[in-house]
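Here's the structure, in structure tokens; my notes come after.
Note on naming: letters A, B, ... go to the chains in the order of the sequence lines (proteins, then strands), and numbering restarts at 1 for each one.
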Amino acid sequence: MTEAKLLVQGIPPEPLDRPFTVIGHSISRIDGVEKVSGTAEYAGDIQLPNMLCAKILRCPHAHARILKIDTSKAEALPGVKAVISRNNFPDWLTYWYLIPQFAFPEIVSYVGQEVAAVAAVDIDTAERALKLIEVDYQELPAVFDPEEALKPTSQKVTPLDVPDSTCPRAPAAWPVGNLYEGKTDIHTRGDIAKGFQDADVVIEEVYNTSYQFHATLQTRSSVIDWDGENMTVHDSCQGVWQVSQDIAKSLGLPMEKVRVVVKYQGGGFGSKAGAQRYLHYASRLAMMAGRPVRIELTRPEEFISHPHRHATKTYLKMGVKRDGTLTAMEGRSILNLGVGSTYGNQKEKLIETAFELYECPNVKLEQVAVYTNTPLTGYMRSVMRAIGDFFLEAHMDRLAVEIGMDPLDLRMKNYAVFGDQVKKLPYSAKNLDKCMKISTDAIDWKHRDRFVEDNKNGPIKRGIGMASYMYDGVGMAPFKASADVVIKRNGTVEVLAGVVDIGGGQATMMAMLAAEELGVNVNSVKTVWGDTGPTQFAPGTHASRMTAEMGPAVVQAAANARKKLFELTAQRLSAEPIELRSALGKIQVSRDQQRSMSFEEACQLIPDGEEIRASGSRKPNPKDIVFHTFGSQACEVEVNTDTGAVRVLRVASAHELGKVLNPKLVDSQHYGGIIMGIGYTLLEDPEFDSKTGIMLNPDLHQYRIPTSLEVPEILPFNIEAPDPFFAYSAKAVGEAPIVPVAPSVRNAIYHAAGIWINSLPITPDAVLKALGKSK
Amino acid sequence: MLYEIPQIEHVNARSTEEAIYWLSRYGDKAKVIAGGTDLLSLIKDKINGPQMPIPEVLINIKTIPEMDRIDYSPGKGLSIGATTTLYDIESSNEVREKFGMLADAAHEVATNQIRNMGTIGGNLVQRPWCWYFRVPQFNCYKKGGPQCYAISGSHKYYFSMLGLGVCVMAHPSDTAPALMALGAEIVVAGESGQRRVPIDGFFLGPQEVFETVLKPNEIITEVFIPEQPPNTRGSFLKSRLRGTWDFALSSVAARLQITNGSYDDAKIILGGVAPFPFRVPLAEDALRGKRVDEEVISLAAAVAVKRAHPLAQNGYKVPLTQNLVKRALMSASGLEAEV
Amino acid sequence: MTSIGELRLHMEPKTLVDENRHQNQPRRVRRIVLSINGDSHSIEVDARSTLAEVLRENLRMTGTKLGCNRSECGTCTLIMDGRTVFSCTILAVEAEGKCIETIEGLASGSDLNPLQKAFIKNDALQCGYCIPAMLMAATALLRVKMEPTEDDVRQGIAGVYCRCGAYPNIVRAVLDVSRGQVDC
Ligand code: SF4
Ligand code: FES
Ligand code: FES
């Protein structure tokens with residue numbers, strides 16, 4: 001690394017001072033062979049001797065008080081080894097990313113909430129036991145609509161979050177209906193009244209977005225092994241250390257006694273960031289029964305019990321001058337938290353894009369988080385950004401059309417240079433203008449009138465649209481990320497990283513970073529990942545934080561190990577350690593390349609019975625600078641005005657990420673995000689019965705995720721720009737590409753067919769309605 | 001998600017008689033299994049009600065040799081065994097050449113895998129894909145309960161636009177409209193022998209709990225399609241939300257007989273918009289005797305949806321279906337549709 | 001079509017009176033022989049067990065995954081008698097006598113086959129959970145269409161979902177193999 005700014009604890013590594021030999025190359029994943037041969041072992045594939053099956057009893061009501069539970073018949077059933085419920089664990093707190101939740105509260109607040117759990121010798125016995133548990137419910141009125149829930153007269157929801165002394169989380173005590181903590185989050189600057197006066201055009205709209213479910217192909221599964229003292233959890237989560245923390249706390253065990261292992265898992269997309277509720281129950285059952293317990297959620301259970309992306313409604317009003325200057329922005333976003341949400345009310349995340357992406361002097365945006373009797377909500381691939389970008393970028397296009405300006409020009413004109421427009425803090429890097437240019441050029445934005453003639457005839461209309469975005473993926477609290485690198489006498493290198501590879505190729509990236517610093521081939525690096533046993537604390541693989549946070553730690557660890565190796569080697573090569581360079585498996589003296597030895601030979605110099613071990617860890621982000629990633633997408637769509645069908649034909653996606661560590665892995669993330677975004681925009685339409693709160697499509701058929709037939713041509717562009725705070729400048733890409741899909745497709749639909757659609761998903765009925773063809 | 005099917009008994013029937021014997025012997029505890037794609041999902045989701053006990057005995061009819069076959073006799077027609085897979089039907093040269101719209105309809109069903117497993121018999125007797133029916137918590141009319149939940153609830157996609165009867169599910173089958181347009185007969189075997197039911201009389205209305213005339217101890221053994229007159233042309237079109245694994249939001253099977261540029265006869269059947277494959281005789285009348293012409297077709301398409309009485313959330317199906325009818329008629333008439 | 005004619009309820013049909021009479025009773029458990037990747041496995045199974053369950057739980061061939069267990073997602077796709085099917089929706093007792101091919105049968109020893117190699121090379125995998133099914137769907141496709149178009153490939157894998165969105169690379173990998181462009 002060339003810069004002393006790299007965010008590591010202690011001394012930043014020495015500069016590499018040679019062309020990259022590993023980084024920047026499209027290296028195949030290190031775990032590809034396992035994945036294509038069927039030998040990759042996922043939690044559901046594990047069988048332990050003597051293993052029990054766990055099953056959860058779920059509440060059939062949206063809101064009810066549990067008057068009595070009788071589990072005696074279930075307990076008496078032969079083969080049942082443990083039963084838990086309010087009866088034996090009335091005050092048990094489980095943790096979800098260290099946020100406490102009631103395990104078995106007296107009041108259950110959504111259809112599907114856990115009421116009891118059993119472990120039995122086989123699944124049939126477990127199912128039978130569930131049927132033998134008798135629960136007396138007193139049904140309570142339920143509220144599903146957030147605006148309804150905000151009314152002072154509304155039925156109070158009992159959230160799963162736990163009220164404590166520092167934060168009054170008990171809605172009963174709150175002044176305004178079910179408003180989170182009784183207050184909203186407001187960002188305000190300037191004078192909005194004056195701002196709207198200065199505007200030539202003021203536009204007001206309402207935007208709705210639906211829930212989105214992760215629909216990971218693997219349902220949540222775990223096998224928990226308890227030997228009376230130590231617990232090993234074979235899990236499917238996204239963060240082994242986070243789950244270890246949560247489970248240890250929930251069961252009252254020291255963290256070192258809870259080892260969590262996830263080598264492979266079938267998709268996370270944010271939903272498995274912390275320990276999942278089912279896992280707490282299953283772990284408890286394993287402890288009680290003293291036997292390994294296996295639990296696998298069914299597909300319907302998976303839908304109703306895991307936290308998903310929130311549904312929102314946003315009232316947005318913006319003012320603009322004819323020349324495109326934004327003068328004022330006022331809005332109110334209502335966020336349906338369900339009965340609880342990871343990261344509480346999501347702070348200002350839903351409105352942040354709106355108040356930071358473009359320059360606007362006068363702003364008042366309010367984020368209103370509300371509890372309702374609907375299932376849990378939480379992290380999901382750009383959870384808030386994807387929503388916040390939708391209403392902002394939809395509105396920007398509307399303004400552009402109203403003042404007769406090219407939407408791209410409007411965006412360029414309002415380009416914000418500061419990351420905090422009040423405190424005027426600079427961004428560590430921002431090249432959004434480049435992204436906008438590249439993505440729009442790729443679909444020939446300049447000639448976007450080319451469709452006008454063809455669109456006059458026939459039902460098929462084509463159009464193009466764009467949207468920009470900002471995203472995180474730059475490291476975030478708690479900034480605890482450490483890694484180890486070991487060099488062995490036999491020449492092998494080991495990277496120990498406590499991260500989960502959720503499919504982004506995180507394990508491969510760790511290996512590449514170490515290989516680069518050590519100057520060896522990636523194949524000679526063995527990576528140990530997804531296991532708290534041999535590793536140090538690392539962040540969970542979510543919030544696109546892995547490269548940004550673990551990158552510097554691995555680089556530092558590898559550089560430290562290299563330094564130790566060079567100290568051993570230098571004498572042999574009659575040089576100073578500082579003169580040595582390592583590349584392609586060879587260590588050379590930089591001024592006299594004839595003097596060299598192979599990496600293996602150098603390793604032989606490690607004293608017998610010893611090894612080189614070095615650590616690296618990350619330091620928090622500094623406070624006087626703002627970190628983000630940026631990007632822009634432009635797309636071409638086809639609207640069939642007879643059937644209401646919308647097809648996305650092409651998407652050009654430009655993302656600024658500092659440095660591309662592995663081009664083909666990065667491209668895969670563009671694909672993944674955009675395809676999931678197309679689902680969010682056009683297909684995924686979760687439906688809940690409005691009277692009972694029961695989910696009507698907890699399945700992968702009527703909850704439609706995109707198939708190979710919905711995939712457009714995708715043109716990924718990765719914009720590199722130095723950002724010395726990160727490993728070789730590398731920041732994240734995992735979540736960002738989903739963000740602008742919905743607004744750019746929605747804007748393209750307008751360009752094609754002249755209709756503004758402000759609710760997601762955009763299904764054929766909405767299109768036909770907007771076209772005036774149906775009621 | 002292991003073992004979502006409860007313990008069951010299973011027998012491979014080796015003849016139609018044997019299958020019926022077991023059905024009669026076990027009564028409503030037993031169900032026939034062929035492709036299983038619908039049945040096993042219902043069992044796993046524990047969908048049940050007074051008229052819908054969860055089966056305890058499954059009688060496999062795929063082991064009956066003469067059930068899996070496609071026989072074409074020129075001049076007579078096409079006989080398809082009930083357990084013939086949808087894939088075999090869509091890929092049969094005879095079906096494609098002589099009864100193309102059936103091949104098209106079979107091809108539109110679900111996914112490749114389901115067409116490799118699912119049978120023509122199963123496609124005709126599948127249960128509703130109404131989401132209230134498919135989640136266990138609602139004991140709706142079709143399960144033997146007192147009421148329909150969809151009418152006053154959510155009914156955007158797989159529901160009827162005809163405002164008819166107690167149940168407003170839309171019949172999901174893709175092959176049924178095509179078979180109806182082709183004038184098929186369903187051969188049904190039961191305790192007292194076999195009967196041939198013209199497909200027009202095979203499906204029941206929305207007042208009934210069951211969708212077809214099939215009695216609990218009867219099975220379909222064969223689908224017979226008579227030879228079509230030489231001047232027949234057909235078309236099957238389906239509108240869906242996603243490229244695969246979706247039932248019809250609306251589908252149209254049109255069979256036209258054209259001589260010297262005018263329609264001798266027409267049959268137009270709508271799928272996905274009514275609780276049974278819905279024939280629209282008035283639209284057929286609008287064609288009969290008329291010259292082949294876009295205006296005539298547009299008029300017939302408008303007539304086809306005249307009786308529509310959509311629910312609160314599915315009004316879009318009316319223009320959608322009207323357009324689909326038009327396109328199907330244009331294509332079957334050999335005219336270029338404007339698409 | 002054999003006509004059944006008069007069938008009296010209490011008289012057992014001919015097929016039941018034959019020599020296998022005791023064999024052919026409804027049963028809860030049955031011993032069956034499954035042919036998987038060319039090997040025969042004789043095994044006692046519950047009648048309710050699906051093929052996927054028997055593979056994964058009884059035979060410990062866990063390469064075949066489950067995503068929904070109800071004919072929706074395609075994760076459990078394998079090849080039976082040359083065609084792709086959902087193994088979550090086939091009772092194992094009904095798979096007797098069929099030729100079953102699973103992901104475990106693709107490589108010979110540690111030698112990956114060209115399709116597997118092409119998947120790795122094209123990064124046609126992310127979390128990997130759908131990949132066994134994708135490979136089986138692609139295998140079946142390439143047997144009937146040696147030179148598929150891009151659309152053929154998309155159609156061929158359409159019944160298998162990939163929530164990670166690896167589709168573009170999967171399509172490329174399959175096309176690469178069909179064009180003989182795998183050299184790793
Ligand atoms: S539409 Fe039919 S299947 Fe659906 S809830 Fe109503 S009665 Fe039941
Ligand atoms: S697991 Fe078989 S189709 Fe989903
Ligand atoms: S690679 Fe994860 S689902 Fe396909």
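- Between the side chains of Asp122(A) and Tyr3(B), no donor N or O sits under 3.5 Å from an acceptor N or O.
- Only the side chain of Asp45(B) comes within contact range of chain A, with heavy atoms under 4.5 Å apart.
- The contact between Val135(B) and chain A is made entirely by side chain atoms (from C-beta outward), counting heavy-atom distances below 4.5 Å.
- Look at Lys156(B) and Asp685(A) and you find a salt bridge, because one of the NZ, NE, NH1 or NH2 atoms lies within 4.0 Å of a carboxylate O, short of that distance.
- Between the CD1 atom in Ile694(A) and the CH2 atom in Trp131(B) there is a gap of 14.0 Å [rounded to 0.5 Å].
- Here Gln702(A) contributes atom CD and Phe247(B) contributes atom CZ; the two are 8.5 Å apart, rounded to the nearest 0.5 Å.
- Residue Val111(A) touches chain B through its side chain alone, counting heavy-atom pairs closer than 4.5 Å.
- Summarising the geometry of Leu683(A) relative to Leu241(B), their closest heavy-atom pair is CD2-O, 3.5 Å, with the distance given to 0.1 Å.
- Interface remark: Ser708(A) contributes no atoms to any contact with chain B (heavy atom separation under 4.5 Å).
- Contact annotation for Pro300(A): only side-chain heavy atoms (C-beta onward) come within less than 4.5 Å of a heavy atom of chain B.
- Taking every heavy atom of both residues into account, Ser774(A) and Pro319(B) meet most closely at CB-CG, 3.9 Å.
- When each of Glu127(A), Met695(A), Lys691(A) is checked for heavy-atom pairs under 4.5 Å with chain B, Lys691(A) comes out on top.
- Looking at every heavy atom in both residues, Gly153(B) comes nearest to Asp689(A) through CA-OD1, 4.5 Å.
- Panel note: side chain Arg242(B), backbone Glu710(A); no donor-acceptor pair is recorded below 3.5 Å.
- Taking OG1 of Thr763(A) as the start and OH of Tyr316(B) as the end, the distance is 7.5 Å to the nearest 0.5 Å.
- Using a 4.5 Å cut-off between heavy atoms, Asp765(A) contacts chain B through both its backbone and its side chain.
- By the 30° and 60° cut-offs, the orientation of the rings of Trp129(B) relative to His701(A) is perpendicular.
- Contact count versus chain A (heavy atoms, under 4.5 Å) is highest, among Gln137(B), Arg240(B), Lys317(B), for Gln137(B).
- For chain B, no part of Leu682(A) is nearby; none of its heavy atoms comes within less than 4.5 Å.
- Using a 4.5 Å cut-off between heavy atoms, Ser221(A) does not touch chain B at all.
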